[in-house]
Amino acid sequence: MPELPEVETIARGLAKRVIGDVIESVWLGSKPEPLKSPAKEIAKVLEGSRIADVQRVGKHIVFDLDRVVRTPPSAKKKSSAKGDHPEKAQWVVHLGMTGRMLVNDPTDELAKHTHLVATLKSGRELRFVDPRRLGRLSVAYGFEPGGKEPLDVSLQDFIPLFRGRKTPIKSALLNQKLLRGVGNIYADESLFRTGVRPTRKAASLKKDDLARLHPAIQEVLREAIKLGGSTVSDYVDSDGEEGFFQLQHRVYGREGELCLVCRTPIKRVVIAGRSSHYCPKCQK
DNA sequence: ACTATGTCCTGCGAGC
DNA sequence: TGCTCGCAGGACATAG
């Protein structure tokens, strides 16, 4: 579901409401799929931790946690024991297609497919809900997923990402090891604004194509963030609010409808198993 | 090292 | 009304 603008919107909303709060207890559901780290470790690291920051990294939500690791009294006299010491840890959340991270009042009804509830000192709850269970929860100590941040990458660093790649440019844009955060909607929208067909081999794009693609991606992502992301079927932010960028989509989800520039019907093809939309006249 | 394909899940709407 | 089918914002494992 969520791509960079949606995750950014969620992370900003969460930051406003939970920074400084302390996770008092964690409830984990019985379904193991959403857990990338062992359940015991997630519960252990989260419980008692203070949320120092919430940030988006690619499509991940990263909670920076400050926690005090307590050494059991029995171990204190041993020479190897360090005693109580602060530790930096991160709670990393990937929402997959249908994941939601919500701030709730404890009296709010528990949604179906709730896999985690973190009770906060303030009395509120952080809830992770994910019907398809393609999302993932983990803890890390220095999270670094690789790939370049699309909003930060310079043109100089952007151009070589596609050198020698025979895969369609659409697939390359979805490859999180190259750029982290671009997904199906924003790949299609960026390529439309660039005038490049999604089926073109990545390596076939000339320097001037890439010099247009680079700002097009950033423009689309920035505009989408401004509008709170795209709600196609069920995306909502941490307050349960929908986004509005879907009203600005020029090709995504518009198969058979007329191109807003040239009135040619928008085409849909499947690339790497994903629906891809383009204008056959505007995109070469 | 790169690339194409299948798989993980549930829910929804279209079509019959 | 009820059924089946295809499709969905993502990422990985696997095989070539």
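The chains referred to below are lettered A, B, ... by the order of the sequence lines, with proteins before strands, and numbering in each begins at 1.
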Contact under 4.0 Å: A:T98 side-chain N or O vs C:dA8 OP1/OP2: no

Sugar-phosphate only, base, or nothing, as touched by A:S171 at under 4.0 Å among non-hydrogen atoms: nothing

Presence of A:H94 side-chain N/O under 4.0 Å of C:dG10 phosphate oxygens OP1/OP2: no

Nearest-angstrom distance, P atom, C:dC3 to B:dC9: 24 Å

N/O (side chain, A:K166) to phosphate O (OP1/OP2, B:dC2) under 4.0 Å: no

Least distance between heavy atoms, A:I266 atom then A:R250 atom: CD1-O, 4.2 Å

Sugar-phosphate only, base, or nothing, as touched by A:R136 at under 4.0 Å among non-hydrogen atoms: nothing

Length of the CG-C1' vector between A:N175 and C:dG10, whole Å: 12 Å

Given A:R222, A:R56, A:K226, A:K59, the one that forms salt bridge (Lys or Arg N to Asp or Glu O under 4.0 Å) with A:E8: A:R56

A:S275, nearest nucleotide to its side chain (from C:dA11, C:dC7, B:dC8): C:dC7

Carboxylate-amine/guanidinium contact A:D208 A:R212, below 4.0 Å: yes

Sugar-phosphate only, base, or nothing, as touched by A:Y252 at under 4.0 Å among non-hydrogen atoms: sugar-phosphate

A:R133 side-chain N/O to B:dC8 phosphate OP1/OP2 under 4.0 Å: no

Residue mapping more 5' on DNA chain C - nearest nucleotide basis, A:L174 or A:R132: A:R132

Partner nucleotide of B:dT10 by Watson-Crick or wobble geometry (both distances under 3.5 Å): C:dA8

Sugar-phosphate, base or nothing in reach of A:K177, heavy atoms under 4.0 Å: nothing

Donor on one side chain, acceptor on other, A:E6 and A:Y186, under 3.5 Å: yes

A:H113 side chain near B:dC9 phosphate (N/O to OP1/OP2, under 4.0 Å): no

